[in-house]
Amino acid sequence: MRERVYETILQDIIAGRLSPGDRITERVLARSLGISTTPVKEALRRLENEGFVSAVPRSGVVVKETALTSVGDVVVARAWLEGLAARLVAERFAGGGLPAAQRAELAGVVGEMGRAPAEAGLDLELVVTTNARFHDLIRTMSGNRLIGQFVGVLLGVDGALRRHLLTDEAELRRGLAEHLAVYEAVCAGDPDLAETRMREHILRSASRVVAPTRQEVTP
């Protein structure tokens, strides 16, 4: 329930339904979601720790002026980490170090992603789920445990951003094409291309909502 509240508030910030300086009232939000105030308090505490809202004396909790900048920072961190994961998977493909079962699983997820829009229209949960499975599998197949741990910290923001973006059918189909391009680079065993395509996909899609910072910084 706390995750639901957390993502709901983030989606409202990303979509512009909550603007910098807007007040978030615990009781009003809890009532609108049909829940108690406890998960709302927990979600707001997490959002405050992550720099999206702040508790102002005598004013309550308000959206910070830098809320979207914080989202942009998350996007950049995720783009470089997932780009690295794609590079490592491509290297493993090139070196023959990936089990056949993992290669088949990745191909299956890519096929499912391609069928989901045609079969389900804009069934947002299905689209988000298959999208997340693709990224999760790339991280797992990279063989680098820390990438998964670090990206795991960012997934709450990523989930809210993805749900907002994928309600647009044009974005959904463009994102699918970019995922397929990453998959092709990985299967070709081209680390540079796989990393670049993954990083640019994440930065490009998020730039429709926020302006990711420090895009030109290289590792």
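Closest non-hydrogen pair, V63 versus A67, comes out as CG1-CB, 3.8 Å. Counting all heavy atoms, side chain and backbone alike, L10 lies closest to A160 at CB-CB, 3.6 Å. The shortest heavy-atom contact between V53 and L44 is CG2-O, 3.8 Å. Between A185 and A90, the shortest heavy-atom distance links the atoms O-CB, 4.3 Å. Contact record, A86 with V182: CB-CG1, 4.5 Å, taken as the closest heavy-atom pair. The shortest non-hydrogen separation linking Y183 to A107 is OH-CB, 3.3 Å.
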Donor-acceptor pairs under 3.5 angstrom involving side-chain atoms of residues 26-38: please list them, not counting sequence neighbours.
from: E26; atom 1: OE1; to: K41; atom 2: NZ; distance (Å): 2.7
from: S32; atom 1: OG; to: L29; atom 2: O; distance (Å): 2.7
from: S36; atom 1: OG; to: T38; atom 2: N; distance (Å): 3.4

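Side-chain contact between H135 and M198 is present, with heavy atoms from C-beta onward closer than 4.5 Å.
In this structure, E50 does not pair ionically with K64, as no charged nitrogen and carboxylate oxygen lie closer than 4.0 Å. Salt-bridge annotation for E105 and R133: absent, with no side-chain N of the basic residue lying under 4.0 Å from a carboxylate O of the acidic one. Residues R174 and E178 are paired through a salt bridge, judged by an N-O separation under 4.0 Å between the basic side chain and the carboxylate.
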One pair to check against side-chain contact (heavy atoms from CB on, under 4.5 Å): V62 and I24. What are the steps and the verdict? CA-CA 6 Å; V62 299; I24 301 173; over 6 Å; no

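Within the structure, ring-ring contact (aromatic ring centres under 6.0 Å, His included) pairs that include any residue of residues 25-59 do not occur (at least two apart or interchain). Sorted by first and then second residue, the salt bridge (Lys or Arg N to Asp or Glu O under 4.0 Å) pairs involving residues 76-87 (not counting sequence neighbours) are R78-E82, R78-D158, E82-R139, R87-E91, R87-D192, R87-E195. Within the structure, salt bridge (Lys or Arg N to Asp or Glu O under 4.0 Å) contacts touching residues 179-191 (residues at least two apart or in different chains) do not occur. Counting only residues at least two apart or in different chains, side-chain hydrogen bond (donor to acceptor under 3.5 Å, both in side chains) contacts with residues 14-24 comprise D12-R17.
Every residue meeting the ring-ring contact (aromatic ring centres under 6.0 Å, His included) condition with F134, not counting sequence neighbours, appears here in chain and number order: H179.
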